[in-house]
2 protein chains.
Amino acid sequence: MELKAHQVFFRRFTDLYRPFIQKTADILAEEGLTLPQWSTIRLIAEQEEMTPAELASKQYVEKPTVSRTVQQLLELGLIETRQGRDRREKKILLTDEGNQIYEKASRAIEKLEREVSDGISEQEMDAMSGRFAEMRRRL
Amino acid sequence: MELKAHQVFFRRFTDLYRPFIQKTADILAEEGLTLPQWSTIRLIAEQEEMTPAELASKQYVEKPTVSRTVQQLLELGLIETRQGRDRREKKILLTDEGNQIYEKASRAIEKLEREVSDGISEQEMDAMSGRFAEMRRRL
DNA sequence: AACTATAGTTAGTTTCGCTAACTAATCTTA
DNA sequence: TAAGATTAGTTAGCGAAACTAACTATAGTT
């Protein structure tokens with residue numbers, strides 16, 4: 001049975017995802033973080049502040065899912081909230097501690113990412129990233 | 001904050017995964033299948049028969065996880081088991097009904113995969129698949 | 001002012017991963 | 001050849017993380 005290029009692509013794509021995400025989870029566990037918590041922290045760090053609605057959209061999950069993670073991060077003292085453009089909306093930012101743990105976990109995750117992609121040029125990595133963004137827009 | 005090529009890569013990679021897998025889950029739900037069930041059926045179909053241990057290894061999960069999915073598929077009548085190389089081992093194959101549902105779901109999933117990767121050459125798809133396999137070996 | 005929409009929360013449910021512990025079968029070693 | 005170690009697979013139970021439903025409060029629209 002011969003598979004077409006896109007079929008092979010998605011098989012290799014999903015084959016890569018689980019072990020990668022598991023390794024990432026192991027690294028994060030050392031910092032006392034879960035994957036959803038990390039994903040949230042990283043988005044906030046990279047954009048300085050986000051609302052729960054934005055976080056839900058970016059991570060492709062429903063708002064109650066984000067609500068729970070935000071609650072956990074508040075309890076951990078890693079984020080704080082401020083009022084958004086009206087009294088419904090909340091802006092979420094990292095605390096000093098949140099920034100510290102972001103920096104630390106970032107280094108460890110980047111190390112993994114570097115090791116996994118070692119030997120592949122930046123040009124090729126960028127090209128693939130572009131294609132991923134393109135495909136994402138079709139979903 | 002400037003991100004390196006591999007950092008962008010893994011962000012776009014994980015950004016693509018969830019919506020893709022969710023769309024796939026929606027398609028499979030129409031056939032009454034879950035993602036783990038589909039993953040299992042597809043691996044068996046593409047290799048004619050597999051053992052639970054092989055399924056666990058290929059899908060990067062623990063054996064009890066596969067055991068449960070196999071049980072579900074047996075109850076659905078989509079697979080059957082035969083004795084393996086000894087009395088511990090089980091070979092798992094698709095039944096006629098399993099093959100039918102495999103063919104049907106396959107077509108729908110392939111359609112999604114084609115649409116998502118439309119406009120990207122087979123050469124480029126193959127190149128990316130190769131890199132995924134390479135990265136997988138480093139995890 | 002009434003209705004609709006949005007932001008976010010809470011509660012409960014389901015799915016799916018895991019670990020621990022187990023049985024049965026096979027292999028290895030002394 | 002028997003005892004110990006290993007492997008294949010199963011069962012039970014737990015926890016994480018997703019969802020839907022329903023809700024409150026706030027803002028926008030008609």
Side-chain angles (χ1 to χ4, degrees), chain A residues 14-15 17-26 28-29 31-41 43-44 49-76 79-93, chain B residues 14-15 17-26 28-29 31-41 43-44 49-76 79-93:
Chain A
T14 51
D15 283 350
Y17 184 81
R18 261 195 64 79
F20 171 73
I21 223 66
Q22 238 176 24
K23 208 78 155 211
T24 303
D26 290 343
L28 293 171
E31 308 301 332
L33 293 176
T34 65
L35 280 161
Q37 289 167 355
W38 169 245
S39 175
T40 300
I41 287 175
L43 285 168
I44 298 168
E49 66 181 19
M50 296 197 84
T51 68
E54 288 167 344
L55 287 166
S57 174
K58 276 277 199 170
Q59 297 171 107
Y60 223 81
V61 296
E62 299 295 338
K63 286 189 285 180
T65 303
V66 169
S67 197
R68 194 167 299 185
T69 305
V70 163
Q71 191 59 38
Q72 291 164 0
L73 293 173
L74 281 167
E75 281 165 13
L76 289 168
I79 62 171
E80 65 192 8
T81 70
R82 288 179 193 163
Q83 186 178 314
R85 64 177 166 227
D86 55 37
R87 291 221 299 286
R88 293 175 298 178
E89 203 179 68
K90 281 179 178 174
K91 296 291 191 184
I92 306 176
L93 313 83
Chain B
T14 52
D15 283 349
Y17 185 81
R18 261 196 65 78
F20 171 71
I21 224 67
Q22 238 176 24
K23 207 80 158 214
T24 303
D26 289 343
L28 293 170
E31 309 299 332
L33 293 175
T34 66
L35 279 161
Q37 288 166 355
W38 170 245
S39 176
T40 300
I41 286 176
L43 284 168
I44 297 168
E49 66 180 20
M50 296 196 84
T51 68
E54 287 167 345
L55 287 166
S57 172
K58 276 276 198 171
Q59 295 171 108
Y60 223 81
V61 297
E62 300 293 338
K63 288 189 285 179
T65 304
V66 168
S67 197
R68 192 170 303 182
T69 305
V70 163
Q71 191 58 40
Q72 290 165 2
L73 292 173
L74 281 167
E75 282 166 13
L76 289 169
I79 61 172
E80 65 191 6
T81 70
R82 288 179 193 163
Q83 187 178 314
R85 67 177 163 227
D86 56 39
R87 291 220 299 288
R88 294 174 297 179
E89 203 181 68
K90 281 180 178 173
K91 295 291 190 183
I92 307 177
L93 313 82

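Order of the sequence lines fixes the chain letters, A, B, ..., with proteins taken first and strands second; residue numbering starts at 1 for each chain.
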Checklist entry - A:Leu28 CG to D:dA16 C1': how many Å, rounded? => result 14 Å
Checklist entry - Does the B:Thr24 side chain pair with the main chain of B:Phe20, one donor and one acceptor, at a distance under 3.5 Å? => result yes
Checklist entry - With a 4.5 Å heavy-atom cut-off, do B:Val61 and B:Leu55 have their side chains touching? => result no
Checklist entry - Short question: side chain of B:Ser39, backbone of B:Leu35 - any donor-acceptor pair under 3.5 Å? => result no
Item to check | Rounded distance in Å - CD (A:Gln59) to C1' (C:dG8) | outcome: 15 Å
Next on the checklist: Taking only side-chain N and O atoms of A:Arg85, does any of them lie within less than 4.0 angstrom of OP1 or OP2 on C:dA7?
Outcome noted: yes
Checklist entry - What integer distance in Å separates B:Glu89:CD from C:dT23:P? => result 22 Å
Checklist entry - Which letter, B, S or -, goes with each nucleotide of nucleotides 11-17 of chain C from 5' to 3', with contact meaning a protein heavy atom under 4.0 Å? => result BB---BB
Next on the checklist: Rounding to an integer number of Å, can you tell me how far B:Lys63 NZ sits from C:dA20 C1'?
Outcome noted: 14 Å
Item to check | Phosphate OP1/OP2 of D:dT26: any A:Arg87 side-chain N/O under 4.0 Å | outcome: yes
Checklist entry - Counting only heavy atoms not in A:Lys58, do more than 12 sit closer than 6.0 Å to its NZ atom? => result no
Checklist entry - Taking atom P of C:dA7 as reference, at what distance in whole Å does atom CD of A:Gln71 sit? => result 20 Å
Item to check | Any A:Leu74 side-chain heavy atom under 4.5 Å of A:Thr81 side chain | outcome: yes
Checklist entry - Is the shortest heavy-atom distance from the side chain of B:Gln37 to the side chain of B:Thr69 under 4.5 Å? => result yes
Item to check | Protein-nucleotide distance (A:Arg88, atom CZ; C:dA5, atom P), rounded to Å | outcome: 13 Å
Checklist entry - How close or far is atom P of C:dA7 from atom CD of A:Glu49, stated in whole angstroms? => result 15 Å
Checklist entry - Rounding to a whole Å, what distance do you find between A:Lys91:NZ and C:dG8:C1'? => result 14 Å
Checklist entry - Between B:Lys91 and B:Leu93, what is the shortest heavy-atom contact and its length? => result O-CD1, 3.8 Å
Next on the checklist: Can you see if the side chain of A:Lys90 gets near the phosphate of C:dT9 - specifically, an N or O under 4.0 Å from OP1 or OP2?
Outcome noted: yes
